Amino acid sequence: MYFTSQTKIKIQDPIAEGVLAVLGVGSGCKHLHTFLKGNKEYEVEVAFGQATDTYDSEGKVTKFGSIDNLSAHKVEDALEAFKGNVWQVPPIYSALNMDGRRLYDYARKGVSLPRPIKAREVEIRSIELTGFDDGKCMLRVGCGGGTYMRSLVNDLGIALGCYAHMTGLKRTRQGQWTWEDALSIEEGVLDLDAVRSILRSPTHT
């Protein structure tokens with residue numbers, strides 16, 4: 001495959017940003033899966049009081065809950081249950097396969113799933129409340145591969161009895177790569193001249 005000086009990349013999640021290993025050069029392509037499975041860190045924006053069918057702000061509201069008595073202290077207490085190895089059901093709006101089809105294909109076409117989505121064990125190494133105001137909060141999460149932040153937020157809202165959905169997501173670390181290492185993608189276009197410059201630098205040779 002040949003690349004021009006600017007190559008378009010399709011962005012799947014409009015409310016997400018951050019570090020993603022998307023470019024492999026030569027034999028390095030064989031190792032991309034190891035970056036995707038590595039440890040990750042996120043900054044997560046949460047809105048309480050509503051659940052949605054996508055578990056984020058892009059979906060339709062499915063449930064409402066009261067946030068009158070919600071406090072930062074209650075959120076911090078609830079977060080304790082999500083530390084360590086926990087069981088999590090991936091969202092239906094995800095790229096996981098079931099019987100040869102992506103889960104989001106079933107959801108977008110309004111087709112019932114052949115069977116329920118199985119819960120799976122994920123690792124949440126750290127989870128911290130970094131901000132709370134007016135029914136919204138910010139979380140900093142360190143986790144293993146395969147952990148869905150949307151499911152985490154949805155489960156947190158259920159645990160608090162008020163429902164919740166994700167309104168923003170920033171991945172600040174993907175394996176060894178951090179936000180500071182990342183190249184900007186403007187309007188879905190990656191500047192490969194910038195990539196070549198990084199590959200020639202002493203720290204990446």
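A quick note: this is a predicted structure, and the numbers were derived from the prediction, not measured.
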With rounding to the nearest 0.5 angstrom, report the [atom1] to [atom2] distance, [X] to [Y].
X: Thr52; Y: Lys63; atom1: OG1; atom2: NZ; value: 11.5 Å
X: Asp56; Y: Met149; atom1: CG; atom2: CE; value: 13.5 Å
X: Phe48; Y: Ile67; atom1: CZ; atom2: CD1; value: 9.0 Å
X: Trp87; Y: Ser151; atom1: CH2; atom2: OG; value: 14.0 Å
X: Glu128; Y: Lys83; atom1: CD; atom2: NZ; value: 8.5 Å
X: Leu152; Y: Leu79; atom1: CG; atom2: CG; value: 8.0 Å

More than 12 heavy atoms of other residues, nucleotides or ligands under 6.0 Å from [atom1] of [X]: yes or no?
X: Tyr163; atom1: OH; answer: no
X: Asp134; atom1: CG; answer: no
X: Asn69; atom1: CG; answer: no

side-chain contact (heavy atoms from CB on, under 4.5 Å) between Lys40 and Thr147, worked out: CA-CA 9 Å; Lys40 302 172 177 68; Thr147 308; over 6 Å; no
Looking at [X] and [Y], what are the two nearest heavy atoms and their distance?
X: Cys162; Y: Ser66; answer: CB-O, 3.2 Å
X: Asn39; Y: Gly144; answer: OD1-CA, 3.8 Å
X: Leu139; Y: Ile127; answer: CD1-CD1, 4.5 Å
X: Ile117; Y: Ile92; answer: CD1-CA, 3.8 Å
X: Cys143; Y: Tyr42; answer: SG-CE1, 3.7 Å
X: Leu103; Y: Ser94; answer: CD1-OG, 3.4 Å

For the hydrophobic clusters of this structure (ILVMFWY residues joined by side-chain heavy atoms under 4.5 Å, transitively), does one cluster hold both Ile158 and Val75?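 No: no chain of side-chain contacts under 4.5 Å links Ile158 to Val75.
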Is it the case that one hydrophobic cluster holds both Tyr93 and Val89, taking links as side-chain heavy atoms less than 4.5 Å apart, direct or via other members?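 The answer is yes; both residues are in one hydrophobic cluster.
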Give a yes or no answer on whether the side chain of Asp53 reaches the backbone of Lys60 with a donor-acceptor pair at less than 3.5 Å.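 Looks like yes, one N/O pair under 3.5 Å.
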Between the main-chain N or O of Met138 and the side-chain N or O of Thr130, is there a donor-acceptor pair closer than 3.5 Å?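 Yes.
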Out of the candidates Lys170, Arg173, Arg171, only one should pair with Glu41 under the salt bridge (Lys or Arg N to Asp or Glu O under 4.0 Å) rule; please name it.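 By the salt bridge (Lys or Arg N to Asp or Glu O under 4.0 Å) criterion, Glu41 pairs with just one of Lys170, Arg173, Arg171: Arg173.
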So, do [X] and [Y] sit near enough that their side-chain heavy atoms are less than 4.5 Å apart?
X: His165; Y: Tyr55; value: no
X: Met166; Y: Val44; value: yes
X: Lys136; Y: Thr167; value: no

Mark yes or no: Arg150 above the aromatic ring of Tyr148, with NZ or CZ under 6.0 Å from the six-membered ring centre and no more than 45 degrees from the axis.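 Relative to the ring axis of Tyr148, which defines the angle, Arg150 lies outside at least one limit.
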